[in-house]
Amino acid sequence: MRKTMRTRIFFYFLIVSLSGILLTSLSILWGFEGRFNNYLLEGREKNINLIKEEILNEYKQTGSLQSDQVVSILHDQAMTENLYYEIYNSNGKILIETSSMRKMMENMGHRQDSEANYNSDTYNLSVDNSIIGSLQVYYQEELVAEDFSFFQAIKRYVYAAAFFTVILSVFFSILFSKWLSAGFNKLSVAVQELQKHKWNTRLNVEELTECDC
């Protein structure tokens with residue numbers, strides 16, 4: 001009976017603690033994944049806005065949509081941010097493009113995403129409510145190699161923390177089950193003695209909260 005009671009208490013504690021660990025770990029992973037995706041989206045939008053502002057500034061100063069500075073930023077984002085662009089004038093003629101760099105970088109081994117699907121968005125470029133051209137952006141929804149590695153590392157840390165927490169929960173479940181069942185066992189023994197008409201049986205109340213484990 002002692003083992004049965006202790007086992008039941010142990011499993012109750014274990015179920016509660018493991019449920020808490022599971023819910024907490026999943027909440028952390030889901031929360032981090034959502035925040036990380038938002039961070040990547042905000043970064044992509046910031047880079048696109050940087051290109052748009054540079055093109056518009058160049059047009060206001062020189063009347064042209066292209067410059068060495070624009071080309072430099074486009075190439076930099078293709079190399080570091082996995083963002084590729086095509087710039088068109090108001091007649092739909094392509095002026096600058098870096099989308100061809102994707103294949104070149106894959107051949108050079110800088111990218112391992114040759115089979116990945118790219119999405120594209122088109123932005124109108126306008127000055128004083130007059131459309132002067134358009135900007136087409138190619139990007140990946142999936143995590144690129146560097147971002148994927150970082151996210152996987154965070155997941156490993158969460159899994160490792162959850163694993164060690166499970167070990168601790170098992171240890172404390174055993175400890176608490178012994179502590180809680182100790183008083184019940186002493187009380188059960190005293191009741192059995194009284195049932196045998198041993199009226200001189202004594203039980204110290206303080207002993208009910210002591211653990212003899």
Side-chain angles (χ1 to χ4, degrees), residues 23-162:
L23 292 175
T24 302
S25 300
L26 291 178
S27 299
I28 292 174
L29 285 177
W30 288 336
F32 178 80
E33 183 176 5
R35 187 66 189 91
F36 188 64
N37 289 334
N38 290 336
Y39 166 77
L40 296 178
L41 177 60
E42 292 171 359
R44 181 168 66 241
E45 292 177 346
K46 181 179 180 180
N47 288 324
I48 294 173
N49 288 332
L50 175 64
I51 295 294
K52 291 169 62 178
E53 291 174 3
E54 188 63 33
I55 294 173
L56 294 177
N57 289 336
E58 182 64 26
Y59 183 83
K60 292 176 182 178
Q61 295 176 8
T62 66
S64 173
L65 296 177
Q66 51 188 327
S67 68
D68 292 340
Q69 179 66 14
V70 172
V71 172
S72 176
I73 298 176
L74 291 176
H75 283 216
D76 179 69
Q77 291 194 15
M79 295 286 292
T80 61
E81 304 295 337
N82 205 30
L83 289 173
Y84 304 95
Y85 297 88
E86 292 177 355
I87 300 176
Y88 299 85
N89 63 14
S90 57
N91 297 322
K93 180 182 177 181
I94 189 168
L95 302 177
I96 308 174
E97 64 87 19
T98 56
S99 56
S100 60
M101 291 181 60
R102 180 166 63 92
K103 190 64 178 178
M104 179 186 67
M105 295 179 67
E106 290 167 2
N107 293 335
M108 294 173 60
H110 292 291
R111 292 282 186 269
Q112 302 295 327
D113 45 29
S114 58
E115 297 181 357
N117 293 323
Y118 279 78
N119 295 335
S120 65
D121 291 331
T122 302
Y123 302 86
N124 288 327
L125 302 172
S126 60
V127 175
D128 297 330
N129 296 324
S130 177
I131 296 178
I132 60 174
S134 61
L135 177 70
Q136 190 159 8
V137 187
Y138 296 89
Y139 61 92
Q140 280 184 270
E141 285 288 356
E142 298 85 359
L143 298 178
V144 297
E146 296 82 0
D147 297 328
F148 181 77
S149 298
F150 175 75
F151 184 66
Q152 290 299 111
I154 295 297
K155 289 176 66 176
R156 287 195 294 269
Y157 295 147
V158 173
Y159 292 151

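- To the nearest 0.5 Å, atoms CD1 (I73) and CG (L50) are separated by 4.5 Å.
- For the pair Y118 and Y138, the tightest heavy-atom approach, listed with the atom from each and the gap, is CD2-C, 4.2 Å.
- Taking 4.5 Å as the limit, every side-chain heavy atom of I55 sits out of range of all side-chain heavy atoms of I132.
- Atoms OH and CD, from Y159 and Q152 in turn, are 8.0 Å apart once rounded to the nearest 0.5 Å.
- Between the CD atom in E58 and the CG atom in D68 there is a gap of 9.0 Å [rounded to 0.5 Å].
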> Could you walk me through whether L40 and R44 pass the side-chain contact (heavy atoms from CB on, under 4.5 Å) check?
Replying inline: CA-CA 6 Å; L40 296 178; R44 181 168 66 241; 5.5 Å; no
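- Contacts of T122 classified as side-chain hydrogen bond (donor to acceptor under 3.5 Å, both in side chains), with partners at least two apart in sequence or in another chain: none.
- Annotation: the span from E81 atom CD to K46 atom NZ amounts to 10.0 Å, rounded to 0.5 Å.
- A heavy-atom distance below 4.5 Å is not found between the side chains of N57 and Q69.
- Interatomic distance, CG of L74 versus CD of E86, reported as 11.0 Å (0.5 Å rounding).
- V70 is listed as a side-chain neighbour of I87, based on a closest heavy-atom distance under 4.5 Å.
- The number of heavy-atom neighbours closer than 6.0 Å to OH of Y59, taken from other residues, nucleotides and ligands shown, is 12 or below.
- No donor-acceptor pair under 3.5 Å is formed between the side chain of D76 and the backbone N or O of S72.
- A 6.0 Å sphere centred on CG of N38 holds more than 12 heavy atoms belonging to other residues, nucleotides or ligands.
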> Would L83 and I51 count as a side-chain contact (heavy atoms from CB on, under 4.5 Å) if you check the C-alpha gap in whole Å, the side-chain angles of each, and the deciding distance to 0.1 Å?
Replying inline: CA-CA 11 Å; L83 289 173; I51 295 294; over 6 Å; no
Donor-acceptor list for residues 89-97 side chains, cut-off 3.5 Å, not counting sequence neighbours:
| from | atom 1 | to | atom 2 | distance (Å) |
| --- | --- | --- | --- | --- |
| N89 | OD1 | N91 | N | 3.0 |
| N89 | OD1 | G92 | N | 3.1 |
| N89 | OD1 | K93 | N | 2.8 |
| E97 | OE1 | S99 | N | 3.1 |
| E97 | OE1 | S99 | OG | 3.0 |
| E97 | OE1 | S100 | N | 3.0 |
| E97 | OE1 | S100 | OG | 3.4 |
| E97 | OE2 | S100 | OG | 2.9 |

> Given T98 and H75, is the side-chain contact (heavy atoms from CB on, under 4.5 Å) satisfied, shown in steps?
Replying inline: CA-CA 7 Å; T98 56; H75 283 216; 3.6 Å; yes
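- Neither side chain, Y85 nor N47, offers a donor N or O lying under 3.5 Å from an acceptor on the other.
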Going by atom type alone, with no hydrogens or angles, which donor-acceptor pairs under 3.5 Å involve a side-chain atom of residues 23-33 and a protein atom two or more places apart or on another chain?
| from | atom 1 | to | atom 2 | distance (Å) |
| --- | --- | --- | --- | --- |
| T24 | OG1 | G20 | O | 2.7 |
| S25 | OG | I21 | O | 2.8 |
| S27 | OG | L23 | O | 2.7 |

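- Two residues are said to be in side-chain contact when any heavy atoms from C-beta on lie closer than 4.5 Å; L41 and N37 fail this criterion.
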